[in-house]
Novice: 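Please see the structure below; I have some questions.
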There are 2 protein chains.
Amino acid sequence: MTGTINRPTDIPQPPPRDRILSAARKLFYRHGIRAVGVDAIAEAAATNKMTLYRHFGSKDELIAAYLTELAREGDEVWEKLAEEHPNDPRAQLEGWIVFVEQILTDGSDRGCAIANAAVELREIGHPARQIIDAYKTRKRERLVTMFRDAGYAEPEQLADEVFLLFEGARISLQCCSNGPAQRVVKMLRSMLAEHAPPSSTII
Amino acid sequence: MTGTINRPTDIPQPPPRDRILSAARKLFYRHGIRAVGVDAIAEAAATNKMTLYRHFGSKDELIAAYLTELAREGDEVWEKLAEEHPNDPRAQLEGWIVFVEQILTDGSDRGCAIANAAVELREIGHPARQIIDAYKTRKRERLVTMFRDAGYAEPEQLADEVFLLFEGARISLQCCSNGPAQRVVKMLRSMLAEHAPPSSTII
DNA sequence: ATCCGGAGTTACCGGTCAGTAACATAGGTG
DNA sequence: CACCTATGTTACTGACCGGTAACTCCGGAT
């Protein structure tokens, strides 16, 4: 009995809601949303279906929570870039490109989970659709702002081009092996070099 | 009785296999592959499940046939461009851009059906995957050839860029309303103008 | 000690899924 | 005519789906 060091609730695992969301995330992304049943999620979360339904009223709600979490993390990438390079949009842009490069050369990328959800959930009234739409629209606007702040001319056209290039790269990773996605970072750099802002003076 | 003009088998409808494939095509594209059951397909084809299973041994086989048909039609677009403008790769390229414009401004586009299938069918051994991969790889190579024949420098880089832009546009149509996909044709034209082939002489 | 809320367990519901068996009905061919 | 093949029809299987009811259990608060 010497080892009873007052650790009754040592929380060896996070609360069930977190476990469920984490399991859903892994399974949804790996196998697809429609391909994964709630039983499988509950089991992967080391819990049961009842607990799942106490925290998420339905599978659609769980999907919405899953997408909301993904969108929040996507937003945090931009916030982190902004606070790591305050008042330095060029450095933020460079940081974003590095981030893009990491994703596309990861090797385990199965595309943008949010875009994949858009493909799988086509019912017009589905709660996921507005989350998806809002996130992608927000992302595009962030790109526009970034290019504008970085001094590029015609930031909207440039942002659209970069946006589509990136989206295309991620979907292509799922379609064709050895696809053109590997070269997207080089494309971005040469594209930015071509449209380089007129005043690249350093203070 | 004047109208009995010896039309006993007037074939008011195509054979069941064609009807099934056509119904599958419509439903798969509209609602997604996993969201549509074989019963719904059979009913939409004005036949029954048994006949469906006599022509296609399983749902996966039907999916494979569906994708094979789509891929063949996709290939035919290129073949038609080639025979409409023989020995005129510039005109072929222009024709392809018009084709792209039609798709993206259609208003009812739900993305590339083949890419969507890649998102939905993630099982590694699925018969659909090689059809998808082969088609997208073929498409990319066609673009490379077209740009090379049209005299563009670095046709592979250009083809990859155009490929990703187009793929990104089609997936974005499903993600964000009022997305940047509308401007992709202008992007293509300005991009091609920038990388215009050195010898644009006519004959 | 009592209570209570969150979590786990088991069993179940109706519905739908992919796939099959058995049989009836044509139509065309010999 | 008989025969054969393609199609249609009905009913069924077993598995799984999303979702729920009823119950137990446990830990923490009062």
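A, B, ... follow the sequence lines: proteins, then strands. Residue 1 opens every chain. All figures in this text were calculated on a predicted structure; none of them were measured in a lab.
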Novice: For A:D60 and D:dG18, give me the distance from atom CG to atom C1', rounded to whole Å.
Specialist: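 These atoms are roughly 10 Å apart.
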
Novice: Yes or no on side chain to side chain contact (heavy atoms under 4.5 Å, CB included) for B:F147 and B:E154, after CA distance, side-chain angles and deciding distance?
Specialist: CA-CA 8 Å; B:F147 283 122; B:E154 296 170 339; over 6 Å; no

Novice: Using atom NE2 of A:H31 as one end and atom P of D:dC17 as the other, report the distance to the nearest whole Å.
Specialist: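 It is 12 Å, rounded to the nearest whole Å.
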
Novice: Please determine, by modelled atom types, if B:S58 and B:D60 share a side-chain donor-acceptor pair under 3.5 angstrom.
Specialist: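 No - no donor-acceptor pair under 3.5 Å links their side chains.
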
Novice: In whole angstrom, give the distance that lies between atom CG of A:L121 and atom P of D:dG18.
Specialist: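 About 13 Å, once rounded to whole Å.
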
Novice: Do the side-chain N and O atoms of A:N48 and A:E43 include a donor-acceptor pair separated by under 3.5 angstrom?
Specialist: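 Looking only at side-chain atoms, A:E43 and A:N48 do not form any donor-acceptor pair under 3.5 Å.
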
Novice: Rounded to the nearest angstrom, tell me the gap between atom NE2 in A:H126 and atom P in D:dG18.
Specialist: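 Answer to the nearest Å: 12 Å.
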
Novice: Would you indicate what A:R17 reaches in the nucleic acid, counting non-hydrogen atoms under 4.0 angstrom: base, sugar-phosphate, or nothing?
Specialist: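 Counting heavy atoms under 4.0 Å across all strands, no contact is made by A:R17.
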
Novice: Quick one: do the A:D133 and A:T137 side chains pair a donor with an acceptor below 3.5 Å?
Specialist: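 Yes, side-chain donor-acceptor contact under 3.5 Å.
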
Novice: Roughly, in whole Å, what's the span from CG in B:N48 to C1' in D:dT10?
Specialist: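 One finds 10 Å between C1' of D:dT10 and CG of B:N48, rounded.
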
Novice: Please tell me whether B:D109 and B:Q174 have a donor and an acceptor in their side chains that are separated by less than 3.5 angstrom.
Specialist: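 The answer is no; no qualifying pair exists.
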
Novice: Would the distance check show the side chain of B:E101 and the main-chain N or O of B:V185 forming a donor-acceptor pair, the cut-off being under 3.5 Å?
Specialist: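 No, B:E101 side chain to B:V185 backbone: no donor-acceptor pair under 3.5 Å.
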
Novice: Return the nearest nucleotide to the side chain of A:M50; candidates are D:dA22, D:dG19, D:dT7.
Specialist: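 Within the option list, the nearest is D:dA22.
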
Novice: Would you please confirm or rule out a distance under 4.0 Å between OP1 or OP2 of C:dG6 and any side-chain N or O of A:H55?
Specialist: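 For A:H55, the contact criterion (side-chain N or O under 4.0 Å from OP1 or OP2 of C:dG6) is not met.
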
Novice: Is B:R25 paired with B:E69 through a side-chain N to carboxylate O contact shorter than 4.0 Å?
Specialist: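 Looking at B:E69 and B:R25, the cut-off is met.
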
Novice: Give the rounded distance in Å between these two atoms: CG of B:L52 and P of C:dT20.
Specialist: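 It is 12 Å, rounded to the nearest whole Å.
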
Novice: Is there a donor and acceptor pair, one atom on the side chain of B:R54 and one on the base of D:dG8, closer than 3.5 Å?
Specialist: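 By the distance-only test, yes, there is a pair.
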
Novice: Of the listed nucleotides (D:dG8, C:dA7, C:dT20), which one gets closest to any side-chain atom of B:Y53?
Specialist: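 Within the option list, the nearest is C:dT20.
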
Novice: With respect to the side chain of A:T51, which nucleotide from C:dT20, C:dA7, D:dT20 is positioned closest?
Specialist: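 Selected nucleotide (nearest to the side chain): C:dA7.
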
Novice: Name every residue in residues 32-44 of chain B that has at least one heavy atom under 4.0 Å from any atom of DNA chain C, in order of residue number, or write none if there are no such residues.
Specialist: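 Those residues are B:V36, B:G37, B:V38.
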
Novice: Spell out yes or no: do the side chain of A:K59 and the base of D:dG19 have one donor N/O and one acceptor N/O closer than 3.5 Å?
Specialist: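 Result: no qualifying N/O pair found.
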
Novice: Write down the distance between CD (B:E61) and C1' (C:dA18), rounded to a whole number of angstrom.
Specialist: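 Taking CD of B:E61 and C1' of C:dA18, I get 13 Å after rounding.
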
Novice: Between C1' on D:dG18 and CD1 on A:I63, what's the gap in Å once rounded to a whole number?
Specialist: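 Between C1' of D:dG18 and CD1 of A:I63: 11 Å.
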
